[in-house]
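Read through the structure below, which is laid out as structure tokens, and then see the notes.
Residue numbers begin at 1 in each chain, while the letters A, B, ... track the order of the sequences.
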Protein chains: 2
Amino acid sequence: MTVGDPAPADLSGRRSTRQRSALVALLEELDEFRSAQDLHALLRARGDAVGLATVYRTLQSLVDDGQLDVLRSTDGEAAYRRCSPSHHHHLVCRSCGRTVEVADPPVERWAARMAAEHGFTDVQHQVEVFGTCAACTTAPS
Amino acid sequence: MTVGDPAPADLSGRRSTRQRSALVALLEELDEFRSAQDLHALLRARGDAVGLATVYRTLQSLVDDGQLDVLRSTDGEAAYRRCSPSHHHHLVCRSCGRTVEVADPPVERWAARMAAEHGFTDVQHQVEVFGTCAACTTAPS
DNA sequence: GATGTTCATGAGAATCATTCTCGCACAGCG
DNA sequence: CGCTGTGCGAGAATGATTCTCATGAACATC
Ligand SMILES: [Zn+2]
Ligand SMILES: [Zn+2]
Ligand SMILES: [Zn+2]
Ligand SMILES: [Zn+2]
């Protein structure tokens with residue numbers, strides 16, 4: 001361990017503030033993808049007022065630290081959700097937002113092999129599945 | 001042919017205008033995903049001036065008619081490209097935009113089966129693969 | 001070719017998510 | 001208890017996309 005090494009409270013080197021804690025706590029309770037605007041409103045509603053700019057900044061830092069997944073909806077709005085550390089994809093209910101994390105090695109291998117066959121390197125992929133969950137299929141509109 | 005039946009030049013019921021033709025012709029020449037702003041600039045550069053609002057409107061109508069694919073980049077900008085009519089996905093070079101259309105029945109079946117196992121209905125999916133193409137890997141920065 | 005109805009166009013304003021600015025507050029540290 | 005650099009936030013700025021609405025053009029009909 002070199003001299004300049006900070007090694008603060010958590011591994012990310014982020015300071016622990018009321019705002020960051022409130023946002024992390026909220027995300028911990030939620031199970032669906034929510035937009036930054038949504039999260040900001042939810043925080044305000046529960047009394048943990050946080051500036052909108054801070055919500056955006058903190059979400060971005062959490063994404064950079066790999067603690068959140070981001071999804072871009074068709075209307076261009078980004079949605080965030082806490083995620084497990086291992087690589088996975090999502091099955092999302094387009095009605096209520098309920099989300100299931102799914103992993104599938106064959107898909108991973110297919111993407112890598114297919115890209116390699118076309119001479120592509122440094123490959124990444126994006127796989128999301130949308131549908132209507134059982135509860136929403138049953139429930140009235 | 002009944003009386004009220006329009007049956008215009010193309011099947012879509014869209015009027016044939018100079019602006020629409022110019023945009024369609026441009027898209028026909030391009031092989032990569034380009035943003036609406038890009039396409040607007042390209043049209044202007046080649047002398048086929050078209051209003052920005054018209055570019056957006058026309059792109060949207062072509063997407064609705066299934067003649068274009070849309071991709072939402074991480075910065076929230078939508079990119080468009082002409083597409084073949086059958087279901088497929090893309091292998092996109094994140095450096096030059098070169099795109100290869102790929103189809104893979106196993107992935108289709110996996111998505112459908114996996115969603116069904118979780119009780120989801122009305123399933124759709126989104127699968128895109130990004131990488132650096134052979135040419136861009138070789139070329140200097 | 002002339003005409004009327006209807007849809008398309010486009011300049012500019014409006015919308016809206018996201019980012020930036022920058023002075024002030026405070027977490028972490030000794 | 002101060003110091004210092006990072007985090008905060010109100011408001012402005014950005015930038016893509018959409019809307020408004022008066023004008024222009026396509027097309028079926030005469
Ligand atoms: Zn649902
Ligand atoms: Zn994967
Ligand atoms: Zn390339
Ligand atoms: Zn597919």
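Donor-acceptor pairing under 3.5 Å, judged by distance alone, is present between the side chain of R15(B) and the base of dT6(C).
Summarising the geometry, the separation between NE2 on H40(B) and C1' on dG10(C) is reported as 9 Å, rounded to the nearest angstrom. As rounded to whole Å, 11 Å separates atom C1' of dG12(C) from atom CG of L52(B). For the pair R72(B) CZ and dG15(D) C1', the interatomic distance rounds to 14 Å; values are reported in whole Å. The interatomic distance linking D48(B) (CG) with dT9(C) (C1') rounds to 15 Å, in whole Å. With rounding to whole Å, Q60(A) atom CD is found 14 Å from dC20(C) atom C1'. Atom pair D38(B):CG and dG15(D):C1' shows a separation of 14 Å (rounding to whole Å applied). Here dG28(C) presents its P atom at 11 Å from CZ of R20(A), a figure rounded to the nearest Å. Spacing between atom CD of E77(A) and atom P of dT19(C) amounts to 12 Å, rounded to whole angstrom units.
Within the 4.0 Å cut-off from OP1 or OP2 of dG10(C), at least one side-chain nitrogen or oxygen of R18(B) is found. Taking only side-chain nitrogens and oxygens, T17(A) comes nearer than 4.0 Å to OP1 or OP2 of dC8(D). In terms of phosphate contacts, Q19(B) brings a side-chain nitrogen or oxygen within less than 4.0 Å of OP1 or OP2 of dG10(C). A sub-4.0 Å separation between OP1 or OP2 of dG9(D) and a side-chain N or O of T54(A) is present. The side chain of Y56(B) places an N or O atom within less than 4.0 Å of a non-bridging phosphate oxygen (OP1 or OP2) of dT17(D).
Taking for each of R57(A) and Q37(A) the nucleotide of DNA chain C with the nearest heavy atom, the 5'-most of the two is the partner of Q37(A).
Side-chain atoms of T137(B) and T132(B) form no donor-acceptor pair, as typed in the model, at a separation below 3.5 Å. For the residue pair Q60(B)/Y80(B), the side-chain donor-acceptor check at 3.5 Å is not satisfied. Between the side chains of T54(A) and R57(A), at least one donor-acceptor pair of N or O atoms lies under 3.5 Å.
Salt-bridge formation is not detected for the pair R18(B)/D48(B): no Lys NZ or Arg NE/NH1/NH2 atom is positioned less than 4.0 Å from an Asp or Glu carboxylate oxygen. Under the 4.0 Å criterion applied to side-chain N and carboxylate O atoms, R46(A) and E29(A) are assigned as salt-bridge partners. Taking the charged nitrogens against the carboxylate oxygens, E101(A) and R82(A) have no contact shorter than 4.0 Å, which rules out a salt bridge.
Ring geometry for H89(B) versus H125(B): interplanar angle of 30 to 60°, hence tilted.
The side chain of A53(A) lies closest to dA10(D), out of dA10(D), dC27(D), dC8(D).
Axis angle across the helix from dG1(C)-dC30(D) to dG30(C)-dC1(D), with five pairs used at each end and values rounded to 10°: 30°.
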